[in-house]
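Everything below concerns the one structure shown next.
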Amino acid sequence: MDPTYQPKAIEARAQAHWANTGAYQVTENAVDRHGKPRPKFYACSMLPYPSGKLHMGHVRNYTINDVMLRYLRMNGYNVLMPMGWDAFGMPAENAAIANNVPPAKWTRANINDMKSQMQPLGLAFDWSREIATCDPSYYKWNQWLFLKMLEKGIAYRKTQVVNWDPVDQTVLANEQVIDGKGWRSGVAVEKREIPGYYLAITAYAEELLEGVKTKLTGWPNQVRTMQENWIGKSVGVRFAFPHNVKDANGNLVQDGKLFVFTTRADTIMGVTFCAVAPEHPLATLAAAANPALHTFIEECKKGGVAEADMATMEKKGMSTGQFVTHPLTNEQIPVWVGNYVLMTYGDGAVMGVPAHDERDFAFAKKYSLVVKAVIAPPSWPLNRIECMEGHSNDGTREQTFPIVYVSGETDTKSMNLSWWSWRDSHSQLGQCINSGAMNGMGYEAAIDYLAAKLKPSGGEKKIQYRLRDWGISRQRYWGTPIPIINCDTCGPVPVPYADLPVILPEDLVPDGSGNPLKKDEGFLNCVCPKCGKPAQRETDTMDTFVDSSWYFMRYCSPNSNMSMVDARNDYWMPMDQYIGGIEHAVLHLLYARFWTKVMKDFGLIKFDEPFTNLFTQGMLSKECFYRQDEAGKKRWYYPNEIEVTYDDKGRPVGAISKEDGNPVILGGMEKMSKSKNKVVEPKDIIEKFGADTARAYVMFAGPPDQSAAWSDSGAEGVFRFLRRFYTFGLAQHEVVKNHPAKIEWNQLSRELKAVRHTLHSILKQATHDYQRLQYNTVVSAAMKMLNALEAVKTTADAHAVAVTREGISILIRMLYPVAPHITFQLWEELGFKATLGEIMDSPWPKVDEAALVQEEIQIMVQVNGKLRGQISVRSDASKETIEALALADEGVAKHTDGKAIKKVIVVPGKLINVVV
RNA sequence: GCGAGAGUGGCGGAAUUGGUAGACGCACUGGAUUUAGGUUCCAGCGCCGUAAGGCGUGGGGGUUCGAGUCCCUUCUCUCGCACCA
C-alpha cells in the first residue's frame, strides 16, 4: 500500500466497493446481525433545483445528511437517504430562450451533470429511488391529487389579480417586476384579473397553526414562529355599517351594508371615518360619477402587487362622498378610499379610529378628520375621567386632538396622558370611555358585547387569517399541466382519471413571449370528455411548489404505478429528519404540511405532519477582497489574485493585488456569490485535497446550523490532519496486528490509564455531539484523539500496544461518518474488518465508564471566586482533606493570609472556593 | 415598526448547560531538519505590565461563594415579516 496519503486512489476504491455491493440500497425489512428488525430512520435533504452547478452549500447540506446516516447506521438504524430533482421551473425556460434549447433537454443534461459532480463526494444516496419532478410518472400524481381536490372542493377556480406584461403577453412573478416594469420587456406592468386554480389552504389554517404550536417540537423555534406569523390568526368582530348609497342609475344599492373586520371592538365608539380598498365595490361605484376619484383609484392599481412596495407607500386617500351609518350611534360616517387598505384581507374595508390606531391617525391627520378618544388606562377611576381638546403643531398647520385626564387629580403630570401616549393599546389594553353602555369594558368583553349586540345586522365574532388560498396556476410552459379541458359548451371539465397523465410536450422552445403551449396544436386540441365536441386543453401549469410538496413520500414508494404512494410509505414516513435551507421556512414547508393533511383526509396516509425534525443549515461565507473606483463601482478579486500582509501578531494589515502591487480592500466575510468572485467550486477542492477533506472541513468550519466561513488554509489544515492520521495509522500496522490477546485495563501504568481516560472522555463528548448534530466539535475531537495517540510510545510494552490499538479502532470509527473513505481504507488495512466487519455496519465504539474514573484528580482552588491554585487529591478524598490541602497551598495561602475565612464551598471532583 | 437569533483572541470557533474562559484548527513568531522554496518536527501565542500582578466573553447594573452562561437595561449586527385593521 502506498505509504503516502493519496485521497484520489483511496476514495475511488472505497466508492467502487460501495457501488458494487449496493451498500446504499435500503429496504423496508432490514435486520441486524441477530435477525432483529432495525429501527427505521428517514433523513432527507431538500431536493435541489438542477441548475447544473453543484456549490459548496449543497456539499454542506448533503454532508450533514450523510454524516447523520453513517453515524445512525453504525448505531443499528435502517437509514434512508434519497435524492431527486426539482426539475420544473423558470430557469429552464430562461435558458431555453437564451440558448434555443428545449427546457427538457437542458434540464436533463443538468441533472446528469450535477449527479456526476455529487458522485465523488461519497454520499450514501439510495439512487434507486431517484425522482425528477418533470417525469410524467411523477407529475401524473400531482394531476391525480388535483382532480381529487377538485372533487372535494379543496381546489377551485376563481379570478386573480396578477402582474401582466403587455409586451411579452405573460404573467410576471413579483420579483420579476422591477420599478413597476417587466424585467425583460422594460414596459410598465399592468394589474390584470385572470382566472386560475386555487387550493383552499385557508380551510386548514387552524390545523396548520395548531400543528406548529403543539406538534412540531423538533423544529427550530425560528421556523415555527415564522409559520405562525404567516398564518396570522386574529380574533375580532366582523360587522356592518348600513348605508343608503345609490348606484349609477339612482337606485339604492341592494342590501346596503359595508362590512368591516376589527380586532379592536373596544374602540368602535371612536370611529370617525371608514376606509375602503381601491378595488372595493363602493369605491368603484363612487368613481363612476367622480373622474378625480377614478384617476386616483387607477393610480393605486398601478405598480406591482408586491406587499413590500405597498408598505413603503405614503398613506393617501380620497373621499367617496358616501356616508354609512354607525351601527351603535346612528351617526353618519364618511367613507374614504385608502391606499393602505388591502382588498385581500377581511372585507377590504376598515373602520377608522384615529385616536387608537397609528395608520388611521396618519390618515386623519393628513385629511383633517376628527380624532375621538375612547380608551383610557385600566387603572383610572372611570367616573372621573374627562376629555378636552388639545392642539399640536406639526409645522404646517394646527391639529386638534383629545387629551384624556382624571379630574381633580393634583399630579396632572402623571395622569394627564394624551391619546398619543396611549396609542399602543395592543400591548397595553385599556378600558372604554366616552362609549356609553360600553364604558369600563375591556378588550375581550367588548368583542363579545359587540358581536352579540350587532348580531341582528349580521355582526359576528370572527377569526381572521392572514394566510390566503394558494394560487397554483402559472402561465408557464415548463411545469405540470393542469388536467382541465376547456369546452365552449361545458366550461372547464376535469380530465378523466383514466386519461392521466396529461403529458407535457418536451420539444417546445419558449421565445419569451407567452406560453408556447398556446401555439402547440398537438397539445391544445382535444375532445370535451363531457359533450364530445372539440375543445382545448388548459395551458396553465402548476406552481413548482406543488412538485416539492410530496416528493419525499414518493421516494418511499418508487415505481408505484397503481397509486400515488403505497404501503412502503407508511414504513418510512413521517420523515425523522428533514434538512435544508432556512429560505424555505414558510412556503415550501407550509405547502408540504398542507398537502400532507389533504392526503391524510383522503385516506392515502395515516400521519398528518410530514417532518418530525427539521434542521436548517447555515450559509457558507468567504473572505472577500475588492477595489472601488471613483464611481463607487466595486471590482472583486479572487483570493489567488491577492497577497495579504500581516503584522508580527498575525493581524492582517492590508492586501495587495499580485497583478499591479497596489492595495486592495479587505471586505470581511460575505455570502458566497458568483458576482463577488467568492465561489469555491467543490470539484476544485476535491481535486486538490480529496472528498474526505472537503467533507471534514465543511463540517469543521462551524456549527452546521449557523453560517460558516470558508477558508482555503483552514481546509489545508484539515488535509494535514487527515494525512497525519493516515501515516500514523499505517505505521501501527504491525503493532495493531500483534496485539496481546487479553488485557486487564486496571493493570495499566498511571500514564496509560491517563491516555485511556483521555480517549474515552473524547469519545463520550464526540458521541454526544453526533447525537445533537454538532459535527464541528466531532472533527476537533478526532484531532484531539490523534494528538493523544501520537504521544504514546508504542514500541515499549504490550500495554502501550493494547491502548494504541484500542485508540485507533475508536478513532477510525469515530471519524468514519465524516471521512468515510480514508477510514474505510485504514479499517481494512489494520485488520479490523476481519473481527468487526465492514466499517459501514461496524458497531459504534462504547465508552468504557471505568476508564473515566480517575484515582487522582485535579481540584481548582479559588479564593473569593478567583483561581489561586490547584491541588491534586485522591478521588475519594473527604471534604476535610481537600479543604486542608487547599488552605495549605501556597498560592492560596498568599491570598488568605491574615484574613478570616468566612465560608468554604466544595464542588465534588471539581473545585473548592474559599471565601474570606 | 413587529418577530426571531447572535455579539467570546488577529480569524473560524470551544466551553459536557452556573464551576479552570479561549479546546481544536487557521494565521503569526522563534527554533530544528532540509535548504532554492515548500514539507515535516519542537516551542510560543487574549490584553496591559520588565516583573509581581492586574484586566478580560459588546456597554451598564443585578442575583450568587462563583456568571460567557441566569435577571434587568442599553448598544450593534444578521435574518424573517411588513399598512393584516
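Every heavy atom of this structure was used, including side-chain atoms; hydrogens, water molecules and symmetry mates were not. Proteins get letters first, then strands, A, B, ... in listed order; numbering begins at 1 in each.
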Shorter than 3.5 Å, N or O on both sides, protein versus nucleotides 51-57 of chain B: list them out with atom names.
residue, atom, partner, partner atom, Å
B/G53, OP1, A/Lys894, NZ, 2.9

Inset, instruction - Answer with base, sugar-phosphate or nothing: what part of the nucleic acid does A/Met860 contact at a heavy-atom distance below 4.0 Å? - result: base

Legend entry - Whichever of A/Ile582 and A/Gly346 has its nearest RNA chain B nucleotide further upstream toward 5': A/Ile582

Legend entry - Who pairs with B/G18 - Watson-Crick or G-U, where each distance is under 3.5 Å: none

Legend entry - Side-chain heavy-atom pair A/Arg593, A/Val212 within 4.5 angstrom cut-off: yes

Legend entry - Validation row, ring centre A/Tyr367 to ring centre A/Phe273 under 6.0 Å: no

Inset, instruction - Go through B/A82, B/C84, B/A15 for me and flag the one nearest to the A/Arg468 side chain. - result: B/C84

Legend entry - Shortest side-chain distance from A/Tyr345, nucleotide among B/G25, B/C84, B/U20: B/C84

Legend entry - Closest heavy-atom pair and its distance - A/Leu885, A/Val873: CD1-CG1, 3.3 Å

Inset, instruction - Count the heavy atoms belonging to other residues, nucleotides or ligands that lie under 6.0 Å from NZ of A/Lys764, then report whether that count exceeds 12. - result: no

Legend entry - Nearest-Å distance for atom pair CZ/C1', residues A/Phe728 and B/C41: 16 Å

Inset, instruction - For A/Gln862, answer base if it contacts any base atom (sugar-phosphate contacts may also be present), sugar-phosphate if it contacts only those atoms, and nothing otherwise; contact means non-hydrogen atoms under 4.0 Å. - result: base

Legend entry - Heavy atoms of other groups near A/Lys316 NZ, more than 12 under 6.0 Å: no

Legend entry - Sugar-phosphate, base or nothing in reach of A/Pro220, heavy atoms under 4.0 Å: nothing

Legend entry - Comparing A/Val907 and A/Gly717 on RNA chain B - which has the more 5′ nearest nucleotide: A/Val907

Inset, instruction - Sticking with atom C1', work out how far B/G10 lies from B/G44, rounded to a whole angstrom. - result: 16 Å

Inset, instruction - Using the C1' atoms only, state how far B/A67 lies from B/U8, rounded to an integer number of Å. - result: 14 Å

Legend entry - Distance, P atom - from B/G18 to B/C70, rounded to whole angstrom: 8 Å

Legend entry - With sequence neighbours excluded, residues passing side-chain hydrogen bond (donor to acceptor under 3.5 Å, both in side chains) with A/Glu883: none

Legend entry - Same-atom distance (P) from B/U16 to B/A32, integer angstrom: 41 Å

Legend entry - Touch class at under 4.0 angstrom, heavy-atom based, for A/Val915 against every strand present: sugar-phosphate

Inset, instruction - Look at A/Lys784 and B/C24 and indicate whether a side-chain polar atom (N or O) is within less than 4.0 Å of OP1 or OP2. - result: no

Legend entry - Among B/A23, B/C65, B/U20, the one nearest A/Ser780 by side-chain distance: B/A23

Legend entry - Residue among A/Leu759, A/Leu763, A/Val779 satisfying side chain to side chain contact (heavy atoms under 4.5 Å, CB included) with A/Met814: A/Leu763

Inset, instruction - Look at the side chain of A/Asp469 and the backbone N and O of A/Thr202, then say whether any donor-acceptor pair between them is shorter than 3.5 Å. - result: yes

Legend entry - Whole-Å gap separating C1' (B/G18) and CG (A/Asn913): 13 Å

Inset, instruction - Using the P atom as the reference point in each nucleotide, state the distance between B/A52 and B/U39 in Å, no decimals. - result: 36 Å

Legend entry - Opposite nucleotide pairing with B/A4, Watson-Crick or G-U, both atom distances under 3.5 Å: B/U78

Legend entry - B/C41 and B/G80, which share atom name P, separated by this distance in whole Å: 44 Å

Inset, instruction - Find the distance A/His760:NE2 to B/U16:C1' and express it as a whole number of Å. - result: 17 Å

Legend entry - Atom pair distance, as rounded to whole Å: OH in A/Tyr726 and C1' in B/U39: 19 Å

Inset, instruction - Using a 90° cut-off around 0 for syn, call B/U17 syn or anti. - result: syn

Legend entry - Separation of atom CD1 in A/Ile447 from atom C1' in B/A85, rounded to whole Å: 12 Å

Inset, instruction - Could you check if the base of B/G59 is syn or anti? Syn means the glycosidic torsion is within 90 degrees of 0. - result: anti

Legend entry - Proximal nucleotide (of B/G19, B/A85, B/C26) relative to the A/Arg720 side chain: B/C26

Legend entry - Minimum-distance nucleotide (side-chain atoms of A/Thr262 versus B/U40, B/A15, B/A85): B/A85

Inset, instruction - For A/Asn229, answer base if it contacts any base atom (sugar-phosphate contacts may also be present), sugar-phosphate if it contacts only those atoms, and nothing otherwise; contact means non-hydrogen atoms under 4.0 Å. - result: sugar-phosphate

Legend entry - Per A/Trp230 side chain, nearest of listed nucleotides B/C81, B/C41, B/A85: B/C81

Legend entry - Distance-only side-chain donor-acceptor flag, A/Asp712 / A/Trp710, under 3.5 Å: yes

Legend entry - Residue matched to B/G44 through Watson-Crick or wobble contacts both under 3.5 angstrom: B/C28

Inset, instruction - Indicate, with a heavy-atom threshold strictly under 4.0 Å, whether A/Asp360 touches base, sugar-phosphate, or nothing. - result: nothing

Legend entry - Which nucleotide in B/A82, B/G12, B/G13 has an atom nearest any side-chain atom of A/Phe700: B/G12

Inset, instruction - Tell me whether the OP1 or OP2 atom of B/U16 has a side-chain N or O from A/Ser761 closer than 4.0 Å. - result: no

Inset, instruction - Can you tell me, in whole Å, how much space there is between the P of B/G7 and that of B/C71? - result: 14 Å

Inset, instruction - Verify the contact: side-chain N or O of A/Arg723 to OP1 or OP2 of B/U40, cut-off strictly under 4.0 Å; return yes or no. - result: yes

Legend entry - Phosphate contact (B/A4 OP1 or OP2) by A/Gln227 side-chain N/O below 4.0 Å: no

Legend entry - Nucleotide opposite B/A67 in a Watson-Crick or G-U pair, distances under 3.5 Å: none

Legend entry - Interatomic distance at C1', B/G12 relative to B/A23, whole Å: 13 Å

Legend entry - Spacing of A/Leu867 atom CG relative to B/G19 atom P, expressed in whole Å: 15 Å

Legend entry - Whole-Å gap separating C1' (B/A14) and CE (A/Met785): 17 Å

Legend entry - side-chain N/O A/Arg466 vs B/A82 OP1/OP2, d < 4.0 Å: yes

Inset, instruction - Return the value, rounded to whole Å, for the distance between atom CG of A/Asn776 and atom P of B/A14. - result: 5 Å

Which pairs of donor and acceptor atoms, one on a side chain in residues 697-707 of chain A, lie under 3.5 Å apart (sequence neighbours left out)?
residue, atom, partner, partner atom, Å
A/Tyr697, OH, A/Ala709, O, 3.3
A/Tyr697, OH, A/Ser711, N, 3.2

Legend entry - Main-chain N/O of A/Leu209 paired with A/Glu228 side-chain donor or acceptor, under 3.5 Å: no

